[in-house]
Amino acid sequence: MGLFRRRPRATDLHVGDPRFDAWEVVADYEDLETARAFAGQLAALGIDCALTADWELDRFGRGDIALRVPPEAYGDATVALDGLDLD
């Protein structure tokens, strides 16, 4: 009997996952809620992305979270994030 595995979403957090080591970091976040919001916006624009962390987050969902994209999507992702930046 096979296990059902859903396709990872852009807003999933991948901890210590080497599959994304070659992907470019376009932004760093300190909390998972904010990181998921920006990853969701990139995904809605059709830009592949992943949230990664080297270590597990604390119990409040805080830590060092990187928003990564494949190298070929870096330019589009940075332009999109610049348009979403509220600062």
Side-chain angles (χ1 to χ4, degrees):
M1 179 163 91
L3 294 174
F4 173 75
R5 293 186 149 223
R6 69 174 175 78
R7 184 171 184 242
R9 295 178 298 206
T11 55
D12 290 343
L13 179 66
H14 304 276
V15 178
D17 191 334
R19 293 179 296 170
F20 303 102
D21 286 351
W23 287 28
E24 300 289 335
V25 176
V26 292
D28 289 303
Y29 301 98
E30 295 179 2
D31 69 278
L32 189 55
E33 183 178 350
T34 302
R36 282 183 169 155
F38 281 95
Q41 290 297 317
L42 287 184
L45 293 171
I47 300 172
D48 287 335
C49 61
L51 295 173
T52 65
D54 290 334
W55 316 105
E56 292 289 335
L57 305 181
D58 70 10
R59 64 185 177 130
F60 302 107
R62 294 184 307 222
D64 186 16
I65 304 163
L67 175 54
R68 295 176 177 263
V69 297
E72 64 274 7
Y74 183 79
D76 291 338
T78 57
V79 169
L81 288 176
D82 285 344
L84 296 172
D85 192 7
L86 300 176
D87 289 339

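Residue numbers count from 1 along this sequence.
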- prompt: Can you name the residues that form a salt bridge (charged side-chain N to carboxylate O under 4.0 Å, His left out) with Asp28, not counting sequence neighbours?
  reply: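 Expected list: none.
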message: Going by the rule salt bridge (charged side-chain N to carboxylate O under 4.0 Å, His left out), which residues pair with Asp76 if we only count those two or more places apart in sequence or in a different chain?
response: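 Partners of Asp76 under the salt bridge (charged side-chain N to carboxylate O under 4.0 Å, His left out) test: none.
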- prompt: Which pairs with one or both residues in residues 49-65 pass side chain to side chain donor-acceptor pair (under 3.5 Å), sequence neighbours excluded?
  reply: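 Side chain to side chain donor-acceptor pair (under 3.5 Å) check on residues 49-65 returns Thr52-Arg68, Asp58-Arg62.
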So which heavy atom on [X] is nearest to which on [Y], and how close?
X	Y	answer
Cys49	Leu67	CB-CD1, 3.9 Å
Ala43	Ala10	CB-CB, 3.7 Å
Ala77	Val26	CB-CG1, 4.0 Å
Thr11	Ala39	CG2-CB, 4.5 Å

field: Hydrophobic cluster of Trp23, others only, ordered by chain and residue number, side-chain cut-off 4.5 Å
entry: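 Traced through the cluster, Trp23 reaches Phe20.
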query: Would a hydrophobic clustering, with Ile, Leu, Val, Met, Phe, Trp and Tyr connected at side-chain separations under 4.5 Å, put Leu13 with Val25?
result: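 No, because Leu13 and Val25 fall into different hydrophobic clusters, even though each may have its own neighbours under 4.5 Å.
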Distance (rounded to the nearest 0.5 Å) between [X] [atom1] and [Y] [atom2]:
X	Y	atom1	atom2	result
Ile65	Asp31	CD1	CG	6.5 Å
Leu51	Asp12	CG	CG	8.5 Å
Thr78	Glu24	OG1	CD	10.5 Å

- prompt: Among all residues two or more places apart in sequence or in another chain, which pass the side chain to side chain contact (heavy atoms under 4.5 Å, CB included) test with Ala73?
  reply: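 With sequence neighbours excluded, Ala73 shows a side chain to side chain contact (heavy atoms under 4.5 Å, CB included) to Ile47, Val69, Pro70, given in chain and number order.
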field: By ring-ring contact (aromatic ring centres under 6.0 Å, His included) - contacts of Tyr29 (at least two apart)
entry: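 If we apply the ring-ring contact (aromatic ring centres under 6.0 Å, His included) test to Tyr29, skipping adjacent residues, the hits are Phe38.
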